[in-house]
Amino acid sequence: MQVTIVGWSGSFPGPDSPASCYLIDTGDFRMVLDLGNGAVGALQNYSGLADVDAICLSHLHSDHCIDMLGYSVFQNYHPDGPRPKIPVYGPAGTQDRLARALGTEHLGIADAFDVTTLAPGTIEIGPLRLTMAHMNHPVETFGFRIEHAGKALAYSADTGPTDELVRLAACADVLLSEASFVDGPDLPPDLHLTARQAAEHAARAGVGELVLTHLVAWNDLRVSLAQASEAFGGSLRLARSGLRLFAPADS
Ligand SMILES: [Zn+2]
Ligand SMILES: [Zn+2]
């Protein structure tokens, strides 16, 4: 299993990255995890759009799902003819929300994608084993533990502090955690993590490596990294476009 950071910018695209998007590739199966603003463009640096086997959406905030609209155009209007539907997994209401955003009654979301509603628990998608849990965010949001060939990746999606993330990430090789906030007074509750809180969750879960993502363009990334390093003694990195987690030799 190889994981490529396609987009790591939190809440809206930044100058150096689209919004959230990660590509999970086992060699014969490719799953896209979230598809935020601008991600369908950057994704093509790492995978043909016709080569994606499944898409998983953590929640329906636009910075995690809105490029599904552009992807539907690729699917429905390709000059070689309509593409086979791609299986999509998302929270309740995914198909209706995307269809309303697309705003067309002909060749829409239902023609491009086969949408399944996610629930907490464990499912198999291709060769991947996915465990989902509800995160602490204002809309229904799933965090994920993705396992393949003895390796485990945990992904926080968007969340405030929650024990559910610690459980999902228990002893994972890598925790890919949002770090939208830097330390400060009067941060909104139940919305996002500071980099320090992400690190505290990583430490409690005993993960091998923490990768900070969903980094917001108005923050200083050096401050986020420094604050996280005070709470987690393991391997710690900032997400960046094209960064690959899990070397091919590990898959
Ligand atoms: Zn977000
Ligand atoms: Zn969100």
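One-based numbering, in listed order, for ligands and for the atoms of each.
Vertex the Zn ion (ligand 2); arms to His59 atom NE2 and Asp158 atom OD2; angle 90° (nearest 10°). An angle of 90° is found at the Zn ion (ligand 1) between His214 atom NE2 and Asp63 atom OD2, rounded to 10°.
Summarising the geometry, atom CG belonging to Asp53 is positioned 12.0 Å from atom CD1 belonging to Ile24; distances are rounded to the nearest 0.5 Å.
The N, O or S atom of His137 lying closest to the Zn ion (ligand 2) is NE2. Within His61, the N/O/S atom positioned nearest the Zn ion (ligand 2) carries the name ND1. His64 has its closest N, O or S atom to the Zn ion (ligand 1) at the position named NE2.
Metal site remark for the Zn ion (ligand 1): His192 contributes no N, O or S atom at a distance under 2.8 Å. Taking backbone and side chain together, Glu178 holds no N, O or S atom under 2.8 Å from the Zn ion (ligand 1).
With respect to the salt-bridge test (charged N to carboxylate O, under 4.0 angstrom), the residues Asp163 and Arg204 qualify.
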Thr26/Asp28 under side-chain hydrogen bond (donor to acceptor under 3.5 Å, both in side chains): CA gap, chis, key distance, verdict: CA-CA 6 Å; Thr26 67; Asp28 53 12; 2.9 Å; yes

Full working for ring pair (Phe, Tyr, Trp, His ring centres under 6.0 Å) between His134 and Phe142: CA-CA 5 Å; His134 280 139; Phe142 291 97; 4.9 Å; yes

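Criterion: ILVMFWY side-chain heavy atoms under 4.5 Å apart, direct or through other members. Under it, Leu210 and Leu238 are part of a common hydrophobic cluster.
Contact check for Ile123 versus Tyr89: side-chain heavy atoms found under the 4.5 Å cut-off.
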